[in-house]
Amino acid sequence: MLTGALDGVKVLDLSEDIAGSFCARLLADYGAEVLKVEPPGGAALRRMGPFFHDDAHPEKSLFFLVLNLNKKGATLNLETVTGQDILKRLASHVDVIVESYRPGYLESLGLGYDDLKELNPELTITSVTPFGQDGPYSQYRGEEIVNYAMGMIMSISGVQGREPLKHGGFQAQYEGGLFAAATTSMALFGREFTGQGEHIDVSITECVASTMMATQTMYPFMGGTQVRRRASGSMFGHPMPCQDGWIIVQTGGGASWEDLSEFFQCPEMLEERFADRAQRAENGEELDRIVIESISERGKWDLFPKAAEYRMLFGLVQTPSELAQCPQLESRNFFREIEHPEMGTVRVPAELFKLSETPYRLERPAPTLGQHNREIYVEGLEYDEQQFTQLRQLNAI
Amino acid sequence: MPRLPLEGIRILDSTYVFALPYAGGHLADLGAEVIKIEGPGRPDVTRTGGYAGSFPENQAGEGWWNKPSTYNLLNRGKRSLVLDMGDERGRDLFRELVTVSDVVMENFTPRVMRRWGLDYPNLRKLKPDIILVSNTGYGHGDGPYSGYPAQATTQEATHGHCWVTGYLNDGPAKAGASFVDFLSTWSAIFALGAALRYRNRTGKGQWIDIAMYQAGVMFLSEYLMDATINGREGGRLGNRHPYRAPQGCYPARGADQWITLSVGSDEEWQALCQVMGRQDLASDPRFGDILSRRNNHDELDDLLGQWTAETDKYELMHLLQGAGIPSGPVLTGRDIHFDPHYQRRNFLERVDFPEEREVGSRFLMGRPYKFSNTPMSIRGPGPAFGRDNKPLLRELLGLEEDVYQGLVADTIITDIPTSGEASPQMDPARAVELGLLADYDPEYRQRLGLA
């Protein structure tokens, strides 16, 4: 009986980065059997913080942990002849390989899509890279800030007169991972009817760009180019300080401008000079002043349910520890606990969305380095004990 | 033609605004028959040109509801049915459609589908293997915020992104565009592919319950871990990186032109000094390793900003990338139409509108991915309001002509919105003056070959 939506799907995760790891984790979360294949020195992500109790130990990267939940792990050195041979043997029995190497690298080892599909025509390779597999920048190096810059979003983030601003954290990498998991799931469904795999080419920069609907379409529709907001007089619609933090309010939703004026207890908002968008832009500094003044003595947690009564589009700036204690996330069972051999019981952000028939399951923490080598190589590929030792001596695993 | 993955899949797409409508558009690219359903008095808000959508040549005019840029990008390749779901007759027709469909998508607040008797338990009675995709702000269930109204740009604060976004030593900020919407878009596509495969193997449908808030929080996983385990609150780094230095966004030649770069190792730092022709910096102990470069980041920013300011942003990228340093120019909505990489990858597709729409041809973004064996393209613009009322109700459901005309007479179906108006568009020159647009180029159609 199937219990996960992707039960029976076997995945090799060759990625060392955030995007590929997140993609493979999502597949694992919903039922795929995922093997993380790391170089003998460990995936690069193991060296990235934050670390458990700030201990920079390769088994204690919290970033590695959270992006590799539900996976098994083995080591394999793709730069050895034996390692390449092993990858081919593994690739013959899996449905998906997730990888994020520089385009052309796997091909140079004889492990590209064209090589592996000869062995396994049903195989899908999902490649997640900064600029995609082809085109003049495909060999260029990406970084989070570069994906944001070239994906247009920085051109409209931050304020005029200052430099464009990137999003905090690693949103572009997570986006690349999610979009890659989505396209992989579509390829797997398509394969049900064609019996054929795909080489899926996901460009992280294009993932960011694809979200810029108004920004991209403005030029071919009317010749305009969007811009960052003005440095002053444009707080409305952006985080505004209140007594104990920041809130954000947008016009629209179920609340009229009159409702907003009542919510802010701010009758001046109804004056003629704020009557429409153009006037509110022209008198923006005044509008900001009176609105911010009106909430200076009010707390964000009091304003939040009040705004819901007015059916307003409202947000408050939460901190990570507020999120960790959020009753809404609790009600959605978003966090789960898992036992890790080096860290003990840890609480992790777990469930992305709910599936009624095939719910999310957290079955194992991230693998320790080479944790399942014996299972994969001795029990799976039937190397005997002597050969298993040799594989390690050859630095193949 | 290779078979598209979703060929033969029919999707009832009763969704509004950005998140799930865009999922529907992508599902149409993937081969599904996607039927967009709107109410007679409730045309999708993107049809009004609201939320920074643009009208062709900035003119709303006749049939404005079929023209806006974002509406057509998000809803490309769909069919359109206009049906009053507030009326029992409308809901009955919807129920009949459910019996001949594979998937229903909706993004009403949790109480609405229940009130209409169209929640998952009821849909399942009509079609036992139906797959329902729901997207809400905070998710279904009994949580304290489940009934709250929500939309992406304000949720960006609530789900924590604003806390970590902003200039160094400055208050929280949000990114310029709606962001978390698209996490729901792609969560829906991911979940749907998995659910369809499961249905194909077991005959069972299911309910996919997506909460934008939850998806947004997931994308801050490492901050949550750091807070839970180490008691650290994260915060704003501006354009800097927690483990690399220098990293930033620096002025390039020209007005409001910028280049980004990121140095992750001592080798890359040495290469950067070489490119800058500053061997003196290569041996400067203030910048000798990542930690010292992080501690002296302000001075590095000054040095880099002086060096980049006189050079073209593309030239800087090629120079820096040539030395192995991650780097790229800040591209605007205009820039990508002329960028050789975007062009070579055919990211922008020319979409021809039917003549009566008076839109002509425009460029819309395709997909951020390619399948090697199954080429895809945008299969058409967003459908005109109610375009497919007749084929869907008369042919697919087999409604008699007089019954159909009765529904038209009672405005249960229509092809002209009964309410709503085009969002006012500002004169572009005035918008530039007010700082609401960076630039206005009257020659855009010639430059793009659309004239």
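Naming convention: chains lettered A, B, ... in sequence-line order (proteins, then strands); numbering from 1 in each chain. Just the heavy atoms: all of them, side chains too, but no hydrogens, waters or symmetry mates, feed the values below.
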Give the member of B/Ser54, B/Ala227, B/Gly328 that has the highest number of heavy-atom pairs under 4.5 Å with chain A.
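When all of B/Ser54, B/Ala227, B/Gly328 are compared, B/Ser54 has the most.
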Chain A contacts, top residue of B/Tyr250, B/Phe55, B/Tyr120 (heavy-atom pairs, under 4.5 Å)
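Option with the greatest count: B/Phe55.
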Ignoring hydrogens and geometry beyond distance, is a side-chain donor-acceptor pair present between [X] and [Y] at under 3.5 Å?
{"X": "A/Thr319", "Y": "B/Glu233", "result": "yes"}
{"X": "A/Thr217", "Y": "B/Ser69", "result": "yes"}
{"X": "A/Gln250", "Y": "B/Gln151", "result": "yes"}

Heavy atoms only: give me the nearest [X]-[Y] pair and the separation to one decimal.
{"X": "B/Thr153", "Y": "A/Ile248", "result": "O-CD1, 3.6 Å"}
{"X": "B/Tyr342", "Y": "A/Met150", "result": "OH-O, 2.7 Å"}
{"X": "A/Arg332", "Y": "B/Ile210", "result": "NH2-C, 4.3 Å"}
{"X": "B/Met218", "Y": "A/Glu351", "result": "CE-C, 3.8 Å"}

Donor-acceptor contact below 3.5 Å, side chain [X] vs main chain [Y]:
{"X": "A/Gln226", "Y": "B/Gly333", "result": "no"}
{"X": "B/Gln321", "Y": "A/Arg141", "result": "yes"}
{"X": "B/Thr165", "Y": "A/Gly168", "result": "yes"}
{"X": "B/Asn373", "Y": "A/Gly197", "result": "yes"}
{"X": "B/Tyr444", "Y": "A/Phe221", "result": "yes"}
{"X": "B/Gln214", "Y": "A/Phe334", "result": "no"}
{"X": "B/Asp256", "Y": "A/Ser155", "result": "no"}
{"X": "B/Ser372", "Y": "A/His199", "result": "yes"}
{"X": "B/Tyr148", "Y": "A/Arg311", "result": "no"}
{"X": "B/Arg197", "Y": "A/Met186", "result": "no"}

Just so I know, are the side chains of [X] and [Y] near enough to count as touching, which here means a heavy-atom distance under 4.5 Å?
{"X": "B/Lys204", "Y": "A/Thr358", "answer": "no"}
{"X": "A/Leu62", "Y": "B/Ile229", "answer": "yes"}
{"X": "B/Arg367", "Y": "A/Phe179", "answer": "no"}
{"X": "A/Glu143", "Y": "B/His241", "answer": "yes"}

May I ask you to decide whether A/Glu144 forms a salt bridge with B/Arg244, counting only side-chain N to carboxylate O separations under 4.0 Å?
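The answer is no: the pair does not qualify as a salt bridge.
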State whether B/Arg345 and A/Asp201 are salt-bridged, where the test is any N-O pair (Lys NZ or Arg NE/NH1/NH2 against Asp/Glu carboxylate O) under 4.0 Å.
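Looking at B/Arg345 and A/Asp201, the cut-off is met.
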Measure from NZ or CZ of B/Arg236 to the centre of the six-membered ring of A/Trp246, then state whether that distance is under 6.0 Å and the direction lies within 45° of the axis.
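Yes - B/Arg236 lies over the ring of A/Trp246, closer than 6.0 Å to its centre and within 45° of its axis.
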Check against side-chain contact (heavy atoms from CB on, under 4.5 Å), A/Phe170 and B/Phe219
CA-CA 8 Å; A/Phe170 294 91; B/Phe219 276 45; over 6 Å; no
What do the steps show when you test A/Asp134 against B/Lys370 for side-chain contact (heavy atoms from CB on, under 4.5 Å), and what is the final call?
CA-CA 11 Å; A/Asp134 59 11; B/Lys370 295 174 197 287; 4.2 Å; yes
Under 30°, 30 to 60°, or over 60°: which ring-plane class applies to A/His167 and B/Phe179, parallel, tilted or perpendicular?
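Ring orientation of A/His167 relative to B/Phe179: tilted.
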Give the ring-plane orientation class for A/Tyr219 versus B/His337, where under 30° counts as parallel, over 60° as perpendicular and anything between as tilted.
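Answer is tilted, since the angle falls between 30° and 60°.
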